[in-house]
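Throughout, a chain's letter reflects where its sequence line sits, starting with A, and its residues are numbered from 1.
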Number of protein chains: 2
Amino acid sequence: MTTVAEPKTARGRERKSAIITTAATLMYERGVRATALDDVLDYSDSGKSQFYHYFSSKDDLVAAVLEYQLMTVLGELRGFRLDTWSGIRAWFDALLEGQEQREFRGCPVGSLAVELSACGPDMQRRVADAFSRWESALARGLASMKARRALDRSARPEALAEATLAAIQGGYVLSTAHHGVGPMRTALDTAYSRLRASRPRE
Amino acid sequence: MTTVAEPKTARGRERKSAIITTAATLMYERGVRATALDDVLDYSDSGKSQFYHYFSSKDDLVAAVLEYQLMTVLGELRGFRLDTWSGIRAWFDALLEGQEQREFRGCPVGSLAVELSACGPDMQRRVADAFSRWESALARGLASMKARRALDRSARPEALAEATLAAIQGGYVLSTAHHGVGPMRTALDTAYSRLRASRPRE
DNA sequence: AGCTTATTGTACCCTTCAGTACACTACTTG
DNA sequence: CAAGTAGTGTACTGAAGGGTACAATAAGCT
């Protein structure tokens with residue numbers, strides 16, 4: 001059978017997830033296209049047969065990696081109260097910290113997004129969806145701030161979230177290019193003060 | 001001889017530049033890695049021998065394409081007075097227009113940058129350099145505005161330029177992902193109002 | 001013309017890599 | 001234990017793609 005199957009045992013699940021996390025790392029470091037399946041299998045101590053047991057193709061794996069990276073990002077997000085100023089600031093600081101630790105390699109989701117934007121419509125949908133979910137998480141926090149009057153009534157949480165996410169992505173791009181956090185810090189500081197500018201005026 | 005040579009005749013120059021522009025288009029549409037040399041040669045009606053006459057490798061071509069795309073961007077930039085509010089706004093609008101016309105494919109320089117960030121240090125330097133030149137062009141405009149008091153004395157043109165470029169890049173990323181100008185418009189509108197917020201307070 | 005340099009055509013080599021075939025082991029359940 | 005299902009090892013195929021070899025043609029230049 002060449003049909004794909006979900007893992008049915010604990011061992012199977014571990015295998016599959018080992019493949020995904022290994023692929024995520026390699027694709028993050030080298031890019032999707034520059035990552036050979038064989039490398040993923042070597043690093044995760046798997047074989048071709050195991051791979052095609054759980055995935056139908058490389059694209060299938062890429063989709064899984066995208067989902068995995070989004071989950072990682074959203075998971076980290078949950079560690080912060082995005083409905084408070086200090087929470088948002090702390091999140092920004094954590095993003096900076098993370099970017100530094102990962103040696104300025106860029107956004108795990110964003111760099112995938114850019115490379116996959118030239119792929120088929122199916123992949124494009126997934127990418128768009130990923131950003132939407134990220135943006136919503138932020139928008140929810142801002143909406144909640146607005147509800148309790150921490151943001152001005154004229155403030156538009158969705159637009160603010162969109163602009164903030166853009167600043168984050170742009171910060172990642174420049175920070176990666178210049179191999180330093182400087183540009184990202186500038187971008188995030190600016191984004192933060194832009195948010196603060198939406199506090200209610202008395 | 002396998003050594004590279006600069007074209008010495010008009011025909012040679014045309015050939016070389018045809019290869020570069022064709023490669024630029026294909027790499028922009030498909031990505032660098034997804035663009036085969038053979039495709040570039042087919043589309044530009046050239047042969048392998050011609051290619052390796054003018055370029056030492058694919059990487060060499062990629063570097064030329066990066067430079068070409070940067071020149072295109074900076075060339076467009078020169079059509080606007082970046083030391084006036086209306087000029088900046090017009091430039092932003094032109095970026096939006098361009099992104100729409102090119103079917104939301106992203107920034108010609110930025111998408112290269114992201115994909116090439118995983119390449120060798122030489123390429124990284126070129127990418128960083130490209131963004132620096134872009135940023136400087138903008139910073140010069142803002143510095144000139146500050147000099148004639150169109151910006152507050154506390155404004156930092158370099159930081160503003162950096163944050164603006166980040167907003168542009170982030171806008172491109174989200175706009176490409178969502179296949180629409182919406183996110184980019186939001187990012188640029190926000191960036192613009194951020195700049196306007198640096199006007200001198202009386 | 002004759003010599004030199006610039007440009008071009010074509011066939012080829014070799015590696016990488018996604019995907020397949022097929023046989024094998026290991027666990028589980030009756 | 002037998003049988004079935006989940007998981008695994010390995011060798012192979014075929015195409016794509018970067019790069020080379022080498023000879024041929026075109027365009028000066030004296």
Side-chain angles (χ1 to χ4, degrees), chain A residues 1-24 26-27 29-65 115-116 118-120 122-123, chain B residues 1-24 26-27 29-65 115-116 118-120 122-123:
Chain A
M1 289 294 195
T2 323
T3 51
V4 247
E6 278 308 295
K8 315 259 164 142
T9 70
R11 208 174 67 186
R13 274 186 297 276
E14 272 166 36
R15 259 277 92 83
K16 179 165 183 179
S17 100
I19 291 176
I20 294 176
T21 56
T22 305
L26 289 176
M27 288 176 180
E29 289 175 356
R30 313 174 175 183
V32 172
R33 189 125 184 164
T35 300
L37 230 40
D38 286 342
D39 284 343
V40 174
L41 301 179
D42 279 356
Y43 279 93
S44 65
D45 274 313
S46 311
K48 272 275 162 73
S49 61
Q50 304 177 56
F51 178 81
Y52 284 100
H53 193 63
Y54 298 122
F55 302 91
S56 66
S57 65
K58 187 179 179 183
D59 273 3
D60 195 11
L61 172 64
V62 171
V65 166
E115 195 172 350
L116 298 179
C119 294
D122 183 72
M123 206 57 94
Chain B
M1 289 293 194
T2 323
T3 51
V4 249
E6 279 307 295
K8 314 260 165 142
T9 70
R11 207 174 69 185
R13 275 186 296 276
E14 270 166 37
R15 259 277 92 81
K16 180 165 183 178
S17 100
I19 291 176
I20 294 176
T21 56
T22 304
L26 289 177
M27 288 176 179
E29 287 174 359
R30 313 174 174 182
V32 172
R33 189 120 186 169
T35 300
L37 230 40
D38 287 343
D39 284 345
V40 174
L41 300 180
D42 279 356
Y43 280 93
S44 64
D45 274 313
S46 312
K48 272 274 164 75
S49 60
Q50 304 177 53
F51 178 80
Y52 284 100
H53 193 61
Y54 297 122
F55 301 92
S56 66
S57 65
K58 186 180 180 182
D59 273 3
D60 195 12
L61 172 63
V62 170
V65 166
E115 195 173 350
L116 298 180
C119 294
D122 183 74
M123 206 57 96

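- What you find for B:G12 and B:P7 is that their closest heavy atoms are C-CB, 3.3 Å.
- Each of A:R33 and A:Q50 has a nearest nucleotide on DNA chain D; the 5'-most of these lies closest to A:Q50.
- The closest donor-acceptor contact from the side chain of B:S46 to the backbone of B:S44 lies under 3.5 Å.
- Across the protein-nucleic acid pair, B:H53 atom NE2 and D:dA27 atom C1' stand 13 Å apart, rounded to whole Å.
- Here A:Y43 contributes atom OH and A:T35 contributes atom OG1; the two are 10.5 Å apart, rounded to the nearest 0.5 Å.
- The distance between atom CD1 of A:I19 and atom C1' of D:dT8, rounded to the nearest whole Å, is 11 Å.
- Of the residues in residues 5-16 of chain A, those placing a heavy atom less than 4.0 Å from an atom of DNA chain D are A:P7, A:K8, A:T9, A:R11, A:G12, A:R15, in numerical order.
- Closest to the B:Y54 side chain, of the nucleotides D:dT8, C:dT7, D:dG18, is C:dT7.
- At least one donor-acceptor pair under 3.5 Å links the side chain of B:K58 to the backbone N or O of B:V32.
- Between the OH atom of A:Y52 and the P atom of D:dG9 there is a distance of 17 Å, given to the nearest Å.
- If you take CG of A:L41 and P of D:dA11, they are 15 Å apart, rounded to a whole angstrom.
- Between B:V65 and B:A23, the closest heavy-atom pair is CG2-CB, 3.7 Å.
- Rounded to whole Å, atom C1' of C:dT20 lies 13 Å from atom CG of A:L37.
- In the interface, the side chain of B:K48 is paired with the base of D:dG19 through a donor and an acceptor atom under 3.5 Å apart.
- Rounded to whole Å, atom C1' of D:dA11 lies 13 Å from atom CG of A:D38.
- Among the protein residues, A:F51 comes within range of no part of the nucleic acid, since none of its heavy atoms lies under 4.0 Å from any strand.
- Judged by distance alone, with hydrogens and angles left aside, the side-chain atoms of B:E115 form a donor-acceptor pair with the main-chain N or O of B:R33 at under 3.5 Å.
- Atom CG of A:D45 is separated from atom C1' of D:dG7 by 15 Å (rounded to the nearest Å).
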message: If you apply the rule salt bridge (charged side-chain N to carboxylate O under 4.0 Å, His left out), what do you find for A:K16 with A:E6, and how did you get there?
response: CA-CA 9 Å; A:K16 179 165 183 179; A:E6 278 308 295; 3.1 Å; yes

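- Picking from C:dG19, D:dG9, C:dA18 the nucleotide with the shortest atom distance to the side chain of A:S49 gives D:dG9.
- Regarding A:D39, its CG atom lies at a distance of 17 Å from the P atom of C:dT15, rounded to whole Å.
- B:S46 comes within contact range of no nucleotide atom at all, as no heavy-atom separation falls under 4.0 Å.
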